[in-house]
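The shown structure was predicted, so the numbers you read here are calculated from the model rather than taken from an experiment. Keep in mind that the numbers below use all heavy atoms, side chains included, and drop hydrogens, waters and symmetry copies. Counting from 1, the numbers follow the sequence of the chain as shown.
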Amino acid sequence: MLQEGPTLPAGCRLLSLEEVDSTNAEAMRHAAAGEAGPLWVWAESQRAGRGRSGRTWTSVPGNLYASLLIPLECSSDASHHLSLLAGVAVFDAIRAAAAEQARGLEGLRLKWPNDVLIGRAKLAGTLPECTSLPRRIAVIGIGINLAGHPSNLAGETTHLAAHGPQVSPAVALGHVAAAMANWLKRWSNGRGFPAVRGAWLERAGPPGEPITVNTGRERISGRFIGIDPEGALLLREEGGAERSFTFGDVSLAPAGQTGKGTA
Ligand code: BTN
């Protein structure tokens with residue numbers, strides 16, 4: 001069993017597991033059986049961790065693998081909001097965990113829609129999934145590279161201990177759970193999304209940053225302008241055309257190519 005228990009906000013229950021296929025899949029099985037949450041599902045390791053766009057999320061010992069199951073009361077598909085909200089909450093949790101050890105964290109930032117980076121390297125990812133059977137719930141999966149990171153990935157990746165802070169999964173989960181509770185309360189089933197959007201923009205890269213969006217069907221390069229009122233990514237192409245995206249993988253321009261120029 002897990003060594004130490006995290007401190008969770010009042011009213012949150014915890015299911016802690018040594019191993020599971022995926023904490024998101026486990027939370028979804030509980031939802032299908034009628035669980036309405038709030039429930040955190042936490043595992044020391046995953047056999048079949050899920051990433052965005054059908055990718056695999058590799059299990060490295062000492063990292064955080066957890067999913068929050070919550071009831072939803074909004075009518076629209078909340079997963080776009082929850083992607084950004086989870087990024088903001090994970091950013092705040094990591095910053096709080098580092099501050100607890102009297103350390104700052106240079107270069108901590110968000111990348112649309114749900115990546116937490118240090119500099120250009122991925123530190124954490126989130127995976128919100130919604131269902132309405134038998135009731136409307138969301139499962140928000142969170143993976144944070146605390147102690148190590150896979151070395152065989154296409155993009156740059158890092159882990160927290162490489163930057164100083166040594167944070168256990170239990171302590172990290174305590175910070176993540178507190179930050180999620182804070183931002184879910186502010187989001188208020190969608191009514192408070194402007195506050196989430198503002199917080200996301202404060203923690204993201206600067207307007208004018210060169211980016212490329214890969215939608216699976218096309219790759220579009222341009223400059224980051226911001227996000228629209230619903231959280232869609234806004235990009236300005238070289239020729240001046242403005243594009244918005246609700247789906248896609250964003251890559252930053254190679255190091256050295258700065259975000260000069262105006263958005
Ligand atoms: C991404 O591709 O960036 C999202 C990664 C999300 C990984 C977490 S680990 C805990 C939870 N369970 C999963 O199977 N995936 C998420």
Side-chain angles (χ1 to χ4, degrees), residues 1-51 57-72 82 85-103 105 108 114 116 123-129 137-149 159-187:
M1 281 303 287
L2 296 157
Q3 298 288 305
E4 44 175 338
T7 308
L8 296 183
C12 274
R13 284 166 296 125
L14 173 69
L15 173 62
S16 62
L17 304 163
E18 276 180 28
E19 194 190 79
V20 72
D21 51 353
S22 145
T23 56
N24 268 37
E26 178 71 11
M28 279 294 181
R29 287 190 285 270
H30 284 265
E35 172 67 56
L39 173 72
W40 277 100
V41 178
W42 172 37
E44 275 184 17
S45 72
Q46 300 187 121
R47 291 185 303 276
R50 309 206 288 233
W57 188 260
T58 305
S59 218
V60 173
N63 288 349
L64 179 68
Y65 311 101
S67 302
L68 174 63
L69 187 165
I70 48 163
L72 282 180
L82 293 175
L85 183 153
V88 170
V90 171
F91 178 105
D92 286 2
I94 292 167
R95 189 170 54 183
E100 209 168 53
Q101 301 188 3
R103 287 173 187 273
L105 213 45
L108 188 65
N114 61 347
V116 183
L123 176 72
T126 67
L127 185 64
E129 299 180 297
I137 63 107
V139 167
I140 306 166
I142 292 168
I144 306 181
N145 297 333
L146 297 171
H149 67 267
H159 60 277
L160 193 58
H163 300 266
Q166 309 259 349
V167 180
S168 71
V171 169
L173 179 54
H175 285 293
V176 168
M180 284 295 294
N182 172 38
W183 282 106
L184 284 167
K185 191 169 167 206
R186 292 173 80 170
W187 177 58

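Of the candidates L8, I142, L64, W42 forms a side-chain contact (heavy atoms from CB on, under 4.5 Å) with just one, namely L64.
A179 approaches A89 most closely through the heavy-atom pair CB-O, 3.3 Å. Across every non-hydrogen atom of N145 and G148, the tightest pair is CB-O, 3.5 Å. Of all heavy-atom pairs spanning P71 and P38, the tightest one is CD-N, 4.5 Å. Nearest heavy atom pair, residue L68 against residue L184, reads CD2-CD1, 3.7 Å. Annotation for P169 and G62: closest pair CG-O, 3.5 Å, computed over non-hydrogen atoms. Counting all heavy atoms, side chain and backbone alike, E35 lies closest to I137 at O-CG2, 4.2 Å.
Taking OH of Y65 as the reference point, atom CG of N24 lies at 13.5 Å (rounded to 0.5 Å). In this structure, the separation between OG1 on T7 and CG on L173 is 9.5 Å, given to the nearest 0.5 Å. Note: E19 CD to E44 CD = 9.5 Å, rounded to the nearest 0.5 Å. Expressed to the nearest 0.5 Å, how far CG of L69 lies from CD1 of I140 amounts to 9.5 Å. To the nearest 0.5 Å, atom CH2 of residue W183 and atom CG of residue L85 are 8.0 Å apart. The structure places OG1 of T58 at 11.0 Å from NE2 of H149, a figure rounded to the nearest 0.5 Å.
In this view, R103 satisfies the salt bridge (charged side-chain N to carboxylate O under 4.0 Å, His left out) rule with no residue, not counting sequence neighbours. Scored by the side-chain hydrogen bond (donor to acceptor under 3.5 Å, both in side chains) test, R29 finds D21, E26 as partners (sequence neighbours excluded).
Checked by atom type and distance alone, the side chain of N63 never pairs as donor or acceptor with a backbone atom of G143 at under 3.5 Å.
With contacts defined as side-chain heavy-atom distances shorter than 4.5 Å, the pair V176/W40 qualifies. Residues H163 and L123 have side chains not in contact (no heavy-atom distance under 4.5 Å, counting atoms from C-beta outward). Within the 4.5 Å cutoff, the side chain of P165 has heavy atoms near those of the L105 side chain. Residues C12 and L39 are not in side-chain contact: their nearest non-hydrogen atoms beyond the backbone lie 4.5 Å or more apart.
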Counting only pairs under 3.5 Å, give me each side-chain donor-acceptor contact of residues 93-102, with atom names and distances, residues two or more places apart or in other chains.
{"residue": "R95", "atom": "NH2", "partner": "D92", "partner atom": "OD1", "Å": "3.3"}
{"residue": "E100", "atom": "OE1", "partner": "H175", "partner atom": "NE2", "Å": "3.1"}
{"residue": "E100", "atom": "OE2", "partner": "H175", "partner atom": "NE2", "Å": "3.4"}
{"residue": "Q101", "atom": "OE1", "partner": "Q166", "partner atom": "N", "Å": "3.2"}
{"residue": "Q101", "atom": "NE2", "partner": "Q166", "partner atom": "O", "Å": "2.7"}

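Side chain to side chain, Q46 and T23 meet the donor-acceptor criterion of an N or O pair below 3.5 Å.
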Q: Might you work through the side-chain contact (heavy atoms from CB on, under 4.5 Å) test for L160 and I144, ending with a clear yes or no?
A: CA-CA 8 Å; L160 193 58; I144 306 181; 5.6 Å; no
